Amino acid sequence: MDIIVRFFQEGGSFMFPIAVVLALGIAIAIERYLFLSKAKRTNQKAFKQIEPMLESANYEGILSFGKSNQAPISRIIGAGIARMSLSQRREDIEYAMEEGLMESTPRLEKRTAYLATLANISTLLGLLGTIIGLIAAFSAVATADPSEKASLLSQSISVAMNTTAFGLIAAIPLLACHSILQTKTTEIIDSMEMAGVKCLNTLMGRQAISTRSRTTD
């Protein structure tokens, strides 16, 4: 603990803004991870409930479920079922599902991009603190005794570099969190697209069977 306190004290005033950026980034990362994990679980649970209704052509049940359920996939499939009552064309149903997906995607991607921005800010704050520290160090050395210049300069540079080190310490985990959350978001969006295609194929398959039955009769 004493080492951490001394590290902050020696780094100067720029250490505190970097610490604030790191804390903000960690808070966003935790919130996004919990949100995406919940979205993934609710999507899986919702699709398991929707799938039997699709197989039994219980479209009213799907519409009712989509209005009462918070899972993004239920709204996407519900949008396709609602459009099917107006048009039986595959393209129209697909466009309705894509519209539902576009409405759900921003909520999944929300605030994730901030992590990359915060990582860049922490790095730049570290560099700025180091540069200002070096300027102050060289100014102090200019008026120092010649026998003490080398020792004073090396000590001042060591202190100034602390801000760069802390900026990188903050930036690296934030970039890692950004990459993890982006991957998790992409997986959820891909799973929703796959579920939408599966639903669409089921609807079109039932429609083809119904049309063939009427033609045979």
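Nothing here was measured: the structure is a model prediction, and the numbers come from that model. Start at 1 with the first residue, then count along the sequence.
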**OP:** Would you please name every residue forming a side chain to side chain contact (heavy atoms under 4.5 Å, CB included) with Ile131, sequence neighbours left out?
**Re:** Ile135
**OP:** Taking side chain to side chain contact (heavy atoms under 4.5 Å, CB included) as the test, write out the residues that go with Ser37, two or more places apart.
**Re:** Tyr33, Arg41, Lys184
Using side chain to side chain donor-acceptor pair (under 3.5 Å) as the criterion, list what pairs up with [X], not counting sequence neighbours.
X	answer
Arg111	Glu31
Glu51	Lys198
Glu187	none
Asp92	Ser87, Arg89

To the nearest 0.5 Å, how far apart are [atom1] in [X] and [atom2] in [Y]?
X	Y	atom1	atom2	answer
Ile62	Cys199	CD1	SG	6.0 Å
Asn43	Ile189	CG	CD1	10.5 Å
Thr186	Glu193	OG1	CD	10.0 Å
Thr123	Asn120	OG1	CG	6.0 Å
Ile188	Leu36	CD1	CG	4.5 Å
Phe14	Leu127	CZ	CG	11.0 Å

Are [X] and [Y] joined in one hydrophobic group, where the rule is that I, L, V, M, F, W and Y side chains link up if heavy atoms are under 4.5 Å apart?
X	Y	value
Val20	Phe16	no
Phe35	Ile180	no
Ile30	Leu118	yes

State, yes or no, whether a side-chain contact exists between [X] and [Y] at a heavy-atom distance under 4.5 Å.
X	Y	value
Gln70	Thr42	no
Phe47	Ile77	yes
Ile50	Asn69	no

Only distances under 3.5 Å count here; give the side-chain donor-acceptor pairs of residues 161-179 to other protein atoms, sequence neighbours excluded, each with its distance to 0.1 Å.
unit_1 : atom_1 : unit_2 : atom_2 : d
Thr163 : OG1    : Gly126 : O      : 3.0
Thr163 : OG1    : Thr130 : N      : 3.0
Thr163 : OG1    : Thr130 : OG1    : 2.8
Thr163 : OG1    : Ala160 : O      : 2.9
Thr164 : OG1    : Gly126 : O      : 3.4
Thr164 : OG1    : Thr130 : OG1    : 2.4

Subject >> Contact list for residues 119-134, test salt bridge (charged side-chain N to carboxylate O under 4.0 Å, His left out), sequence neighbours left out >> reply: none
**OP:** Can you tell me which residue pairs pass the salt bridge (charged side-chain N to carboxylate O under 4.0 Å, His left out) test with a partner in residues 64-87, sequence neighbours excluded?
**Re:** none
Contacts under 3.5 angstrom, residues 95-109 side chains, donor-acceptor by atom type, not counting sequence neighbours:
unit_1 : atom_1 : unit_2 : atom_2 : d
Ser104 : OG     : Gly100 : O      : 3.1
Thr105 : OG1    : Leu101 : O      : 2.8

**OP:** Keeping the roles fixed (side chain from Ser122, backbone from Ala119), state whether a donor-acceptor pair exists under 3.5 Å.
**Re:** yes
